[in-house]
Amino acid sequence: MARPVRVRIAPSPTGEPHVGTAYIALFNRAFARSHGGQFLLRIEDTDRTRSTKESELAILESLRWLGLSWDEGPDAGGPCGPYRQSERTEHYQRAAEELLEKGAAYRCFCTAERLEKMRKEQEATKARPGYDRLCRRLDPAEAHRRVAAGEPCVVRLAVPPEGATEFADGIRGENVRIAHEEIDDQVLLKSDGFPTYHLANVVDDHLMGISHVIRAEEWIPSTPKHVLLYRAFGWEPPVFAHMPLLRNPDRSKISKRKNPTSLTWYRAAGFLPEALLNFLALLGGAAEGDEEVFDVSKLDSGFELSRIKTSAPVFDLKKLEWMNGQHLARIALDVVLPRVTKAIAAAGLASEAALAARGEWTHRLVD
Ligand code: GLU
């Protein structure tokens, strides 16, 4: 029997809330809604040096502004807060122990100096970059002794030395195959006890019952590592579906040097959430026929992954401006009125109460 549909977005709170997060969220949510499933938000904040609370807040604010609400959080009965990986470290530590016991992972005691020297040598000799697996040959009893003596270590994935890992992609419709010699013995747990993206992502997707991982194509090289982890744990992997990346007009990966990427910027610049979502839906290929201007809620029924275009979608700001105009012309006055009064109040021109008291006048002003 097919698993119940549960999908998620898993942004890392490092910097401005990215327009790509809204793009991926929109399609995940449409897929969940179309299949009577759940859409989750998980903040992947295990990188302690780069994650910030401000960035997390900005992500939540932007998703709320866009109306891309999520269905579930850890506080049962309370406000639907997102899941946060920094609050779940015991799950990842337990999972790393399990992999060590199964021989699918090993402890590595190599110092930063040794790894740096190795990297430089690989660079000089043009050898394949990656860990040389020195600690993989350590006797487990010896590794235990060193841990007990307080020596810092990380836990690495023991990638099979030969063969390849394959997975089917739910959007591309073809198998992606990556040879094991191309895959590094990835660090799973860092010496501070925090997991890396790979371990935390897989453990959470499993524990949260995620059925479909719909994410950007830049994660394709990580997926074989994830598949190896699912196999090592003996867990059923989700369907992986990689969406094409948004592109600058010159076809390079969307970047803030060539195109605004921050959702906060779009909001401040006066774009309507309806227009931005419509534009993102169009980029992903969600339009039916020639219709370009539509309400994205129509994706909430009958949306299938096969509708997503695999060709590189170009983010054309001019087209978004045009789309914004189309939505502005259509928007109902009672929808726009509270937004305008909030904006006037936020700019300090008049209080919301004063505007409400002069209801008729405000109405005419906005109209
Ligand atoms: N934390 C990753 C990100 O920042 C999640 C990627 C995924 O969806 O697996 O996008």
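Both ligands and their constituent atoms are indexed starting at 1 by order of listing.
- Residues F39 and F31 place their aromatic rings such that the two centres sit no closer than 6.0 Å.
- Residues with a heavy atom under 4.0 Å from ligand 1: R8, A10, S12, E44, Y197, N201, R215, W219.
- L272 pairs in a side chain to side chain contact (heavy atoms under 4.5 Å, CB included) with only one of the listed residues (R267, H327, R330), which is H327.
- Inspection of the H180 and T165 side chains reveals an N or O donor paired with an N or O acceptor under 3.5 Å.
- Remark: the E44 side chain and the Q85 side chain contain an N/O donor-acceptor pair separated by less than 3.5 Å.
- Through chains of ILVMFWY side-chain contacts below 4.5 Å, Y131 is grouped with Y106, L115, M118, L134.
- The existence of a salt bridge linking E217 and R247 is confirmed by a sub-4.0 Å separation between a basic side-chain nitrogen and an acidic carboxylate oxygen.
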